[in-house]
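Indexing begins at 1, ligand by ligand and atom by atom, following the structure's order. Just so you know, these numbers use all the heavy atoms, side chains as well, and skip hydrogens, waters and symmetry mates.
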Amino acid sequence: MASDVTTTQPQSWVDTPPNNPPIRKASANLITHMSWLDKLSNPLQRGISQLFGQPGQFPYKIKDALNGVWLGHTLHPVLVSIPLGAWTATMLLDLAWLSEEDEGTARNADRTMWLGLAGAGASAVTGATNWVDTDGPEQRTGMLHALLNGSVAIMNLSSTLMRLGGLRRPAIALSTGAYLVTLYSAYLGGELSLSSGVGVNHVAWEGGSDDFVAVMDEKDLQPGKLTRVDVAGIPAVLIKDGGSIYAIAATCSHLGGPLDEGKYEDGVVYCPWHGSGFHMCDGSVANSPAVYAQPTFAIRTRNGKIELRRLEHA
Ligand code: FES
């Protein structure tokens with residue numbers, strides 16, 4: 001018998017419970033309705049991607065450096081602390097100046113404004129290289145985050161120039177407004193990272209067995225073919241290259257892509273989602289967008305079986 005009950009499919013998490021906390025829900029609801037951001041994001045992401053080219057080309061090395069491969073850590077949150085700290089100091093110095101109008105305090109406030117602007121420039125570049133490999137809600141939220149930060153930079157540059165021109169009180173009002181916008185933008189940055197997992201290590205919480213686990217017959221492992229196996233609940237990818245067998249975690253540390261569905265060339269496995277490269281011999285990053293090494297496994301063969309044991313996380 002046909003049912004006359006109709007259902008509405010939720011479009012995003014804002015259409016589903018829970019309704020609290022209301023500020024987070026309101027922010028997500030706002031972004032859900034800002035589809036115009038996608039019209040900016042798509043061509044901008046294409047342009048940035050073309051600028052850096054492909055892994056192996058020289059410009060891509062710059063992207064690797066900006067993402068933080070050399071640091072083994074996402075670079076953007078490190079640099080973000082500069083403008084946030086500097087402009088917080090400006091606020092405090094401005095408060096002190098408003099009560100005493102001390103010239104030295106004013107000069108120090110000017111210096112922290114310039115420091116914040118320099119840090120904001122570096123943060124913007126590293127943020128863009130993180131964002132370029134996102135899509136969907138993260139792409140849209142990142143675009144809004146960038147536009148808000150760009151507005152803050154313009155407001156604070158204007159405020160700095162006004163201070164130099166002797167218009168200190170309206171300049172303080174402007175930079176204080178910019179600080180409030182910064183707080184919301186920082187909240188969005190936190191959402192992207194802490195809630196949506198952009199820039200975090202997607203294999204950080206994979207445990208695994210401390211004992212060797214038999215995963216497949218050695219005779220079934222074809223040379224040069226990426227092969228996915230289960231190691232007591234943890235997916236790993238195996239490769240037989242020459243006389244050696246290597247194994248690393250199959251879940252890409254960047255955003256969780258399946259490495260076993262990628263390609264293998266010259267000792268490196270490339271993720272099918274955004275092209276991160278990892279050395280199969282030790283899990284280290286060959287190229288970004290990933291910056292965190294893949295967990296690796298100790299390997300032995302016994303009675304014709306390949307056995308793996310998870311090693312400590314890099
Ligand atoms: S998930 Fe992005 S490169 Fe692997």
Where Ile82 and Leu115 come nearest, the two heavy atoms and their spacing: CG2-O, 3.9 Å
Residues in side chain to side chain contact (heavy atoms under 4.5 Å, CB included) contact with Val132, at least two apart in sequence or another chain: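 Val132 satisfies side chain to side chain contact (heavy atoms under 4.5 Å, CB included) with Gln45, Ile48, Ser49, Lys63 once adjacent residues are dropped.
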Identify each donor-acceptor pair in which a side-chain atom of residues 234-252 lies under 3.5 Å from a protein atom, sequence neighbours left out, and give them as a table.
{"from": "Asp241", "atom 1": "OD2", "to": "Tyr264", "atom 2": "OH", "distance (Å)": "2.5"}
{"from": "Thr251", "atom 1": "OG1", "to": "Glu206", "atom 2": "OE2", "distance (Å)": "3.3"}

Any chance the rings of His274 and His254 have centres within less than 6.0 Å?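 For His274 and His254, the ring centres are under 6.0 Å apart.
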What residue pairs, at least two apart or across chains, pass ring-ring contact (aromatic ring centres under 6.0 Å, His included) with a residue in residues 148-190?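 As it turns out, there is no ring-ring contact (aromatic ring centres under 6.0 Å, His included) pair with a partner in residues 148-190 once direct neighbours are skipped.
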Identify which protein N/O/S atoms are less than 2.8 Å from atom 4 (Fe) of ligand 1. Cys252 SG, Cys271 SG
Please assess Asp38 against Met143 for the test side-chain contact (heavy atoms from CB on, under 4.5 Å), listing each intermediate value before the final yes or no. CA-CA 8 Å; Asp38 302 340; Met143 189 72 237; over 6 Å; no
